[in-house]
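In what follows, residues are counted from 1 in the order of the sequence shown.
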Amino acid sequence: MHSDTVPPPPQNHLIPAFIQEEEALLEAIRERLISEPPAAGANPDDIVEEMQRLQQEMRAAKTEDKAAIEQQYNLQGRVLEQIRKGKQEARVNPENPYFAHMTVRAEGRTTDVYLGKCTRISDGVRIVDWRHAPIARIFYRYQEGDDYTEVIGERDVEGVVKVRRTLSVVDGHLQRIAAAQGTFVRSSAGWEEHRSIAPQLATGAGAQRASTAGPARLGTGKAHRADKHLPDIAALIDPEQFELISKPDAGPVVIRGGAGSGKTTVALHRIAWLAFNTPSRFAPSKMLVVVWGRALRDYVSKVLPGLGVEGVPVVTWSDWSRKAVARHYPRLPNHDNASTPGVVSRLKLHPGLHGLLERVVRTRKAAATGTGALDDWKHLLSDRTLLAELDGFTEDQLDECMRWASKQQHQMQLLEDRERGAEPWLDEEDDAILLRAWQLRVGDLRSNAGAIRLAHIAIDEVQDFSPMEVAVLLGACDKAKCITLAGDTQQHISASGGSLSWTDLLASLGVKATALSNLKVSYRSTRTITAFARGILGHLAEDEAPALTMREGEPVPVFDFPDHGAAVDFLGRALRALMQDEPNASVAVLTPTPTMAETYFNGFDRMDVPEVRLIEDQSFTFSPGVDVVDVAQVKGLEFDYVILVDVSAAAYPNRDYPRRLLHVAATRAIHQLWVTYVGSPSPVLLQALDGVGAPLGGEG
């Protein structure tokens, strides 16, 4: 009891009982792990002996005890399988042993289970690997208090989830806990509760006009991660995402979801799931991740190693395809033409071109050789009558494409004839056509080790790949055609190619629409940011209902300035204050063009804004600071704070492409979004402010 002269401590210094319980459990488990580490290279004979003992115990056990014993038996079997395949049992790290705690009661028995990245069932410790333990399905599919029915050890087991908590353990100390009682975070003042909201629709415009004279403040006071790469969020996977991760290992899985819904995370965790459950088939060397650009490749680079899957190549399409073309057509030039006309790029990426190429290969008689495939490419792009079947081209535009093809093939012929002065080139868009022609005419693509027959390929941001490119990758799979396609056609920002319709993309690939799964919860952005971004989409929004969001947030302020100098001054002061208060924050200042990015960077640099960087060629460092970059480079990434610069009528006219570009830009923000413009505001912005989003002008 407290005396009359000593006031009780503040409420946030009183540690709730369930937190004290978790801290005590963590301390006990760490002591066991440190004092009794597992022997390196466990002996298979010892495991077989333990499994035999469990079998005997199971035969003599009461009915209500058999499920738990059978579970231990199955886990030991998994460990034995890994050892026999040449893998030592992974050691649980005492400094970060698990990320979740669950208590289940089934058949009269209560069991505490901890989920981590590897398994340890011994010495009073019960930590299971989230990727394969049958009981892990209960954690992902059910909430605290739910009754469950699951197949465990080929038996239907019914029970109830008594406790379900996600935990963050750093350097052996509990830092964060999310439970039915609330979400609590350890701070310098003790444990503090973080208020959260139930999932709700992102309705309303989410934006408001603001004044630069007011007390505008950028920042939330949050403690941010210093590493800005895509994190491993195995503890936060929801039931819908888990169902996609654990889908059968044959055929395509198509993941559609809005910005921040976890498409990329699901695709990468699915690879970890496949690799762990069938390691002989899904070896890292037999899988591939293909992404849109260099920035996204670097952004996701740490996820798979963090999940215990080392060596899966993560590549951009352009890097992978160019190397493949050089391998299959060694006499062709290994460089792109930097001045390919836009109409030529659009034709070579057209969704209908894949079907025309199949017809060319089917109807032309040619040898099943590289020369035959090269002739298919030439024939396809020089047949004006055939190409006229593609929609979206005028007669003049087709004439321009024919002239380009004629010049290109003439230079190729000079190269083949070994003529002096030949200047042959390939367009970047030729790669997919040449590789697909090889597959259709010759057969499997090949590497230095033989035919390429990959066990699994994941393609992220698939909406910005042409059907021809996706077909090439699908053709590089083995006969099971295990492939994950993740994307959102609302975020389609490729000016020349890609797909605006899931129906058209799947039909062109021969994939059934039933393979398409939708993720409907947006985890990245706040409700106000998500609402504003939906307002930007306007008539392009594909779902009748807006996304569900998990967090409230500040309204999106819109600032207008008479010129860019005033905007630089205002934003520079706000950024200086932010980086002083939140040194681990990441900020993206997104401009319409690279030239404007350079202007704002120079201004911020002169104002001594800390850690300000001008991003060129997607050279992100994924570290705290201020990245000034044109908006076309940030697809697939996320930042704590985003400032959209110059959302004006000149920079973002009322057309579909600018709408999608602005939507992508807005949804990069996690905590807070600011919008500025100079001169006249974009009509797209005005519609979002009004909560209307209806088109004013024609198609762009």
- Can you name the side-chain hydrogen bond (donor to acceptor under 3.5 Å, both in side chains) partners of Thr110, sequence neighbours left out? Arg105
- Message: Would you say Gln241 and Glu243 are linked by a side-chain donor-acceptor pair, where the criterion is simply a distance under 3.5 Å?
- Response: no
- Separation of Glu461 CD from Leu485 CG (nearest 0.5 Å): 12.5 Å
- salt bridge (charged side-chain N to carboxylate O under 4.0 Å, His left out) partners of Glu638, counting only residues at least two apart: Arg524
- Looking only at atom types and distance, does a side-chain atom of Arg120 sit under 3.5 Å from a main-chain N or O of Val92, one as donor and one as acceptor? no
- Mind checking side chain to side chain contact (heavy atoms under 4.5 Å, CB included) for Ala100 and listing every partner two or more places apart, or none if nothing turns up? Leu115, Phe139
- Query: Is the shortest distance from a Lys or Arg side-chain nitrogen in Glu95 or Arg30 to a carboxylate oxygen in the other one below 4.0 Å?
  - Reply: yes
- Query: Is the closest side-chain donor-acceptor distance between Thr316 and Asp319 under 3.5 Å?
  - Reply: yes
- Can you list the residues that meet the side chain to side chain contact (heavy atoms under 4.5 Å, CB included) rule with Thr111, with sequence neighbours excluded? Val104, Arg109, Val113, Arg126
- Any pair with a residue in residues 446-457 that passes salt bridge (charged side-chain N to carboxylate O under 4.0 Å, His left out), sequence neighbours left out, goes on the list, sorted by first then second residue, please. Asp444-Arg453
- Query: Hey, does the side chain of Tyr329 reach the backbone of Leu434 with a donor-acceptor pair shorter than 3.5 angstrom?
  - Reply: yes
- Can you list the residues that meet the side chain to side chain contact (heavy atoms under 4.5 Å, CB included) rule with Asp249, with sequence neighbours excluded? Leu274, Thr278, Arg281, Phe282
- Item | Set of residues satisfying salt bridge (charged side-chain N to carboxylate O under 4.0 Å, His left out) with respect to Lys302, sequence neighbours excluded | Asp227
- Note on the structure: side-chain hydrogen bond (donor to acceptor under 3.5 Å, both in side chains) filter on Asp129, not counting sequence neighbours, yields Arg131
- Note on the structure: Heavy-atom closest pair (Val472 atom, Ala432 atom, distance to 0.1 Å) is CG2-O, 3.5 Å
In residues 167-180, what donor-acceptor pairs under 3.5 Å come from side-chain atoms, sequence neighbours left out?
none

- Message: Check this for me: Glu158, atom CD, are more than 12 non-hydrogen atoms of other residues, nucleotides or ligands nearer than 6.0 Å?
- Response: no
- Using modelled atom types only, decide if a donor and an acceptor are shared between the side chain of Asp146 and the backbone of Gln143 within a distance under 3.5 Å. yes
- For the side chain of Glu144 and the backbone of Val163, is there at least one donor-acceptor N/O pair under 3.5 Å apart? no
- Message: List the residues meeting salt bridge (charged side-chain N to carboxylate O under 4.0 Å, His left out) with Arg165, not counting sequence neighbours, and say none if there are none.
- Response: Glu21, Glu22
- At their closest point, which heavy atom of Val128 faces which heavy atom of Ile121, and how far apart are they? CG1-CD1, 3.9 Å
- Task: Taking side-chain hydrogen bond (donor to acceptor under 3.5 Å, both in side chains) as the test, write out the residues that go with Glu358, two or more places apart.
- Result: none
- Mind checking what makes side chain to side chain contact (heavy atoms under 4.5 Å, CB included) contact with Ile452, not counting sequence neighbours? Arg327, Leu445, Ser447, Leu454, Ala476
